[in-house]
Protein chains: 2
Amino acid sequence: MSLNELDDEVAALLGDADQRYTSSRRRLISALQAGGGPLTITQIVATDSSLPQSTVYRNLTILEEAGVVTRIVTSDDFARYELAEKLTGHHHHLICTACGDVLDFSLDVGIEATLDSALAIAAAAAGFTADSHRLDLLGTCRNCVEA
Amino acid sequence: MSLNELDDEVAALLGDADQRYTSSRRRLISALQAGGGPLTITQIVATDSSLPQSTVYRNLTILEEAGVVTRIVTSDDFARYELAEKLTGHHHHLICTACGDVLDFSLDVGIEATLDSALAIAAAAAGFTADSHRLDLLGTCRNCVEA
DNA sequence: TCGTAAATGATACTGATTCTCACTACTGTT
DNA sequence: AACAGTAGTGAGAATCAGTATCATTTACGA
Ligand SMILES: [Mn+2]
Ligand SMILES: [Mn+2]
Ligand SMILES: [Zn+2]
Ligand SMILES: [Zn+2]
C-alpha cells in the first residue's frame, strides 16, 4: 500500500468512526509507518517530539477503535502499536525477551490455511467464536544474540 | 500428571532454584491446579482468601523464575498465571475479548510439527533465536455469546 | 536449643496509562 | 468575515496493577 493509499484508507476508517484526520493523527500514522514494526509510546515520542504524550495516548486509543492501529501487548511493561492488519496485511511477531523489541514476519499462505482450519475445529469444540489468531515467536533477536 | 507427581516436580524445580516449597507456595500451586486455566491475582485470592496479595505477587514471581508457572499477558490490564507447560504439556489459549477469560486448547501434533518447521524457517531468515511459540485465538467465549 | 537465613504480610511506593478541563482549532452558517 | 457549536489539544492530576520495604515470624541446620 502506497503512502497515498494508506492515507486515504486511514481517512476513510476515521470517517466511518466519526473522527477527524487531524495533524496529530497524521503524524502518528507517519511515525508508525516509518517505524516498520510495533512501537512503544516512548519510541513514537522520540520519533516525533512535537507529539505530546497525552495526545499520543488519546489518539492511539481512538485510532485503535477506528480499526486503524492495533495495540500489541508483550511481556514487558510497555504497550506497542502498529498499523492494523487491514492496512499492512496479516503477519506475526518475533518478540525478543531480552530487549523487548518486536519484529514482523509472515508465514506461507498454505501454512496459514492449515492453521486456520485446525483453529476453527478447536474453537468449535470449545463453543468459542473466533475473530482472529495471534502467533508470536519468543526468543532473542539478532542484536541481543551478538551482544 | 497426578497431584503427587505435580507436587514432586514442583518441589524439584524449586529445589533447583534454591527455593523452599512453603505452604503459601503449595496453596498457590493448588489454586492454579484447581483453576484449570490461567488465573488473575484477584481470582487466586478469591479462591484461597488465606493468601495475602503481596505474598501471591512475590511467590508467583519466584515460581515463574523457577519455571513452575508461566505469566500470561492478554489485552486487559491483569496478568494471569498458569502452571508451566513443563508440567501441563504444550497448549494454546482461547482469549475472550469480552470478559477477558482464558481457556486452554491443544492442537494436533501434526499441525504443531508443521508449524514448528515453518516458524524455524522464518526465525532463521530474521536471524532470530526462537525459544517457544505462542498461539492464541481471540474471540468470544460461550458465556459471552449467550449473554 | 540456638543462630542464621528465608519467608511473610501489612504498608508505602512506582510508573504506565487514563482522566480532567481550560483552551484552541475546525466546520458549517449567516 | 464574524459567529456558534463542536471536536481536539495538552499540561497536569489521578488511577491502580505491580513492586519494594521492613519489622516480624518461620524454617533449617549445627
Ligand atoms: Mn497468522
Ligand atoms: Mn493455558
Ligand atoms: Zn533483542
Ligand atoms: Zn467471555
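Side-chain atoms are counted along with the backbone in the values below, which use heavy atoms only and exclude waters and symmetry mates. Letters A, B, ... mirror the listed sequences (proteins, then strands); counts begin at 1.
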Task: Nearest-angstrom distance from the residue atom CG of A/L28 to P of D/dG10 - done: 11 Å
Open item on the list: For a quick test of reading the model, state the closest non-hydrogen atom pair linking B/E82 to B/P38 and the distance between them.
Closed with: OE1-CG, 3.5 Å
Task: Pair A/D136, B/H133: side-chain N/O donor-acceptor within cut-off below 3.5 Å - done: no
Task: Nucleotide D/dG18, atom C1' - distance to CZ of B/R80 in whole Å - done: 16 Å
- [ ] Measure the CD1-CZ distance between A/I44 and A/R27 for me, rounded to the nearest 0.5 Å.
- [x] 13.0 Å
Task: Distance in Å, A/I29 CD1 paired with A/L63 CG, rounded so as to fall on 0.5 Å steps - done: 5.0 Å
TODO: Would you mind reading off the distance between A/D77 atom CG and D/dT19 atom C1', rounded to a whole angstrom?
DONE: 10 Å
Task: Rounded distance (Å) that lies between atom P of D/dT9 and atom CD of A/Q19 - done: 9 Å
Task: Cluster overlap A/I72 with A/L138, hydrophobic side-chain contacts below 4.5 Å - done: no
TODO: Taking only heavy atoms on the protein side, list every residue of residues 51-63 of chain A lying under 4.0 Å from any atom of DNA chain D, sorted numerically.
DONE: A/P52, A/S54, A/T55, A/R58, A/N59
TODO: Give a yes or no answer on whether the side chain of B/R71 reaches the backbone of B/L60 with a donor-acceptor pair at less than 3.5 Å.
DONE: no
Tabulated below should be each protein N or O lying under 3.5 Å from an N or O of nucleotides 25-30 of chain D; please produce it.
none

Task: Heavy-atom side-chain contact between B/I62 and B/N59 under 4.5 Å - done: yes
Open item on the list: Just the rounded figure in Å: distance from P of D/dG10 to CD1 of A/I44.
Closed with: 15 Å
Task: Position toward the 5' end of DNA chain C (nearest nucleotide), B/T22 or A/Y81 - done: B/T22
Task: Under 3.5 Å donor-acceptor, A/S117 side chain and A/T114 backbone - done: yes
Open item on the list: For B/H92 and B/D104, which I'm curious about, is there any donor-acceptor pair between the side chains at under 3.5 Å?
Closed with: no
TODO: Kindly work out whether a path of hydrophobic side-chain contacts (I/L/V/M/F/W/Y, heavy atoms less than 4.5 Å apart) joins A/V73 to A/L39.
DONE: no
Open item on the list: Can you tell me which residue among A/R80, A/H93, A/R142 is in a side-chain contact (heavy atoms from CB on, under 4.5 Å) with A/D101?
Closed with: A/R80
- [ ] Identify the 5'-most and 3'-most nucleotides of DNA chain C with at least one atom closer than 4.0 Å to a non-hydrogen atom of chain B.
- [x] C/dA6 to C/dT11
